[in-house]
Number of protein chains: 2
Amino acid sequence: MALTLMDDLRMTKKLTILDIAKMAGVGKSTVSRVLTNDPKVKPETRLKVEQIIKESGFTPSKSAQSMRGGSQKVIGIITARLDSPSENKAVSAILEVIYRHGYDAVIMESQFDTQKTNEHLEVLRKRSVDGVILFGFTECDMSEVERWNERMVVIAMDTDKVSSINYDNNGVIRQALYHLSELSLTNIAYIGVDPSDKTTGKLRLDAYLNWCEEHELPPRFATGQLDHQSAYALVDSVLDDDIEAIVCASDTLALGVAKRLQELHREDIQITGVGGNELLSFLFPNIISINPGYQLAGESAAKQLLQQLDGAVNIAHLTQPLSF
Amino acid sequence: MALTLMDDLRMTKKLTILDIAKMAGVGKSTVSRVLTNDPKVKPETRLKVEQIIKESGFTPSKSAQSMRGGSQKVIGIITARLDSPSENKAVSAILEVIYRHGYDAVIMESQFDTQKTNEHLEVLRKRSVDGVILFGFTECDMSEVERWNERMVVIAMDTDKVSSINYDNNGVIRQALYHLSELSLTNIAYIGVDPSDKTTGKLRLDAYLNWCEEHELPPRFATGQLDHQSAYALVDSVLDDDIEAIVCASDTLALGVAKRLQELHREDIQITGVGGNELLSFLFPNIISINPGYQLAGESAAKQLLQQLDGAVNIAHLTQPLSF
DNA sequence: CTGTTAGCGCGTTCAC
DNA sequence: GTGAACGCGCTAACAG
């Protein structure tokens, strides 16, 4: 009887809402009411219960709560690559936002693999997470995606099935080109990634091509993979005695280009990248890196998702009677 | 009645174990048995139930399962920095192992902050995750840690409270020094991080100092922060006309050193780092980078934890009657 | 082998 | 205001 409390302190036995109720000398439902901030509880009683809860270090079982219909307060994040600096920035921003709202995150890695992505989505569905933030890629299979509706936000991929946050692919390249034009540089080449990649590939290349057309400049470009090796290898193919600058689709590519130009002693050529990579600007201070606002994108995505989730909850409440 | 199946297909109503039971014309416990691979089920029945499950795309509620005493099959990972290349490698390795074992991961970031770490641990405890892999750091508060016992493995931190996986801090530095000695280089300086950091700081510096003593070489070193800027700034202080090589405590530092030496046109000096950083070897092919086996560490940590969890389960089963 | 029953911990009526 | 009772989806004990 009276040993209950001592017992609990002694052995870290799992406390339940019932234990708290006994200790406080009230019914379990009253404790529940306190937990759910139900106004219909005498302030006095509430205070006492809260006291006991604090003292005993009791925490309601998430499993039981979520089974009872509540949400787990968990959102899934599927990144393409865990070690991508740009995605990392976005993820950090996401985490900060959702933590602040009492959510936790389960992070997964798609490795640009459609099947893995779908497997992850499947797992997240089974775990009934509240929502998902997906870092898109071109081959991404939309069939699984649309099942999520309001409960998903994708980053860096165009789709009208779910909400999406996109970097300003066109803007970052134009910004770079504008910057170069301010420096009176006109002979500008471009090194990017294959247009089969819709965003970093096609969109950014198009931005370059459009600019060239607008300004009646002869385009000179090459595309390949998303890594520095690829860019390194492509440099020679666009190089030309009167090239004054090379615009790169990403900082990673810029790194490869810088390396090659250094070898060729063509450090007169101005390079621009995209990403705001700190390491890049340390190694090659003269490279101009446009920051596409990854952290901002992450923050936006998180806020957007949370807002949609809130909306979904409200709608659910409203339609519950109807769906009955 | 007969509409049940059509209904389910129509609206993606949450299927329960009971629905499956009805469809298969069996009791709910039989379905449960199938789910839990209970041998005591007639193969024929089992097959039929499995069939229905597949067709309906039913998935048992994790929440209910875990509430009933089962584990969530989730392990928490607390990294110091999401964007640390070395930790990333380890994390990727961890993920691969645990996915293969049907576990999922919730990843958190401590940012070398004790308080955040404890908050994360608290959250993980509330969520009753099965286990935790923690990337340690020096100021890490052990008080919260020891509560986890068998259910935690720490990486890169010495402690006897819980299992720990450590990189071979001494070994990597000695390996670098040995390599240099093979090249007949004897005038070797060291750039590391402050010894207040126990592992990357003190252990690696000690390795250097010991080597010097053993080989009767005059030590020449400087320590600072863990970033390339710091290393960059420290180079001049150890530089000397007859320095032939600089051993760095990490690849990040090596990057800073390389940058500075390049500026000074002292590319004759051999640099070594630790980390197996791919970018580093791309930018500075002549830098020797010792791979401390981060992915191996991650893999080991994950396997170790899973094994301990299995053990814990068994012990729990055995002691359950006693604790009663 | 299989159906029935009893909880797990919690939120939610429904009476008091 | 508050306590008793019910059910969420599932597993494990108990009967057949």
Side-chain angles (χ1 to χ4, degrees), chain A residues 4 8 13-50 52-53 56-73 125-128 313 316-317 320-321 324, chain B residues 4 8 13-50 52-53 56-73 125-128 313 316-317 320-321 324:
Chain A
T4 324
D8 294 332
K13 193 85 169 227
K14 274 291 179 200
L15 296 190
T16 86
I17 197 176
L18 182 58
D19 296 320
I20 306 295
K22 284 179 185 165
M23 296 183 201
V26 298
K28 21 183 287 192
S29 44
T30 302
V31 179
S32 177
R33 281 184 242 272
V34 172
L35 257 20
T36 55
N37 281 325
D38 189 319
K40 309 200 73 49
V41 106
K42 187 162 52 174
E44 182 186 322
T45 320
R46 170 181 298 275
L47 216 60
K48 172 159 192 182
V49 172
E50 282 173 341
I52 306 272
I53 290 184
S56 61
F58 160 79
T59 37
S61 152
K62 291 281 179 188
S63 325
Q65 281 185 160
S66 77
M67 197 187 70
R68 195 61 196 86
S71 89
Q72 285 254 42
K73 303 283 275 183
R125 206 169 48 72
K126 288 187 186 173
R127 290 207 183 280
S128 61
V313 170
H317 279 177
Q320 203 117 32
F324 167 67
Chain B
T4 323
D8 293 333
K13 192 87 167 229
K14 273 293 180 200
L15 295 189
T16 85
I17 198 176
L18 183 58
D19 297 318
I20 305 295
K22 283 179 187 166
M23 296 183 199
V26 299
K28 23 184 281 193
S29 47
T30 301
V31 179
S32 177
R33 281 189 249 270
V34 172
L35 258 20
T36 55
N37 280 324
D38 190 319
K40 312 195 74 48
V41 166
K42 188 163 54 175
E44 183 186 322
T45 320
R46 169 182 299 275
L47 216 60
K48 173 159 192 182
V49 172
E50 282 173 342
I52 306 273
I53 291 184
S56 61
F58 159 81
T59 41
S61 153
K62 291 278 179 191
S63 324
Q65 280 185 160
S66 77
M67 197 186 72
R68 194 57 195 86
S71 87
Q72 285 254 44
K73 303 283 275 184
R125 206 169 49 72
K126 288 187 186 173
R127 289 206 183 280
S128 59
V313 169
H317 280 176
Q320 203 118 28
F324 168 69

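Each chain gets a letter, A, B and so on, in the order its sequence line appears, and its residues count up from 1.
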When we call it a touch if two heavy atoms are under 4.0 Å apart, what does B:S32 touch: a base, just sugar-phosphate, or nothing? base
Donor-acceptor pair, distance only, cut-off 3.5 Å: does the side chain of A:R68 make one with the backbone of A:S63? no
Provide, to the nearest angstrom, the distance between the CD1 atom belonging to A:I20 and the P atom belonging to C:dG9. 13 Å
Starting at atom CD1 of B:I17, determine the distance to atom C1' of D:dG7, rounded to an integer number of angstrom. 16 Å
Please report, rounded to the nearest Å, how far the C1' atom of D:dG9 is from the NZ atom of B:K28. 7 Å
Rounded interatomic separation in angstrom, taking CG from B:D38 and C1' from D:dC10: 14 Å
Look at A:T30 and D:dT2 and indicate whether a side-chain polar atom (N or O) is within less than 4.0 Å of OP1 or OP2. no
Would you mind reading off the distance between B:L18 atom CG and C:dT5 atom P, rounded to a whole angstrom? 13 Å
Across the strands shown, which category fits B:V26 at heavy-atom distances under 4.0 angstrom: base, sugar-phosphate, nothing? sugar-phosphate
Assuming nearest nucleotide by heavy-atom distance, tell me which of A:A64 and B:V41 is located more 5' along DNA chain C. B:V41
Would you mind reading off the bend of the helix from C:dT5-D:dA12 to C:dC16-D:dG1 from its two end axes, five pairs each, to 10 degrees? 50°
Using whole Å, report how far CG of A:N37 lies from C1' of C:dG11. 14 Å
Rounded to whole angstrom units, what separation is found between the NZ atom of B:K40 and the C1' atom of D:dA13? 14 Å
Around A:K48, counting heavy atoms of other residues, nucleotides and ligands shown, do more than 12 lie under 6.0 Å from its NZ? no
Distance test, side-chain N/O of A:Q65 to OP1/OP2 of C:dG9, below 4.0 Å: no
For A:I53, does its backbone N or O pair with a side-chain atom of A:S56 as donor and acceptor, under 3.5 Å? yes
For the side chain of A:S29 and the base of D:dG3, is some donor closer than 3.5 Å to an acceptor across the two? yes
Give A:T45 one of three labels, base, sugar-phosphate or nothing, depending on what nucleic acid heavy atoms sit under 4.0 Å from its own. sugar-phosphate
Indicate the atoms forming the closest heavy-atom contact of B:R46 with B:N37, along with that distance. NH1-OD1, 3.8 Å
Distance (rounded to the nearest 0.5 Å) between A:L47 CG and A:I52 CD1: 11.0 Å
Atom-pair distance (CZ on B:R33; C1' on C:dT4), nearest Å: 10 Å
Check: A:R125 side chain, B:T59 main-chain N or O, donor-acceptor pair, under 3.5 Å: no
Can a donor-acceptor pair be found, under 3.5 Å and without considering hydrogens, that links the side chain of B:S29 to the backbone of B:S32? no
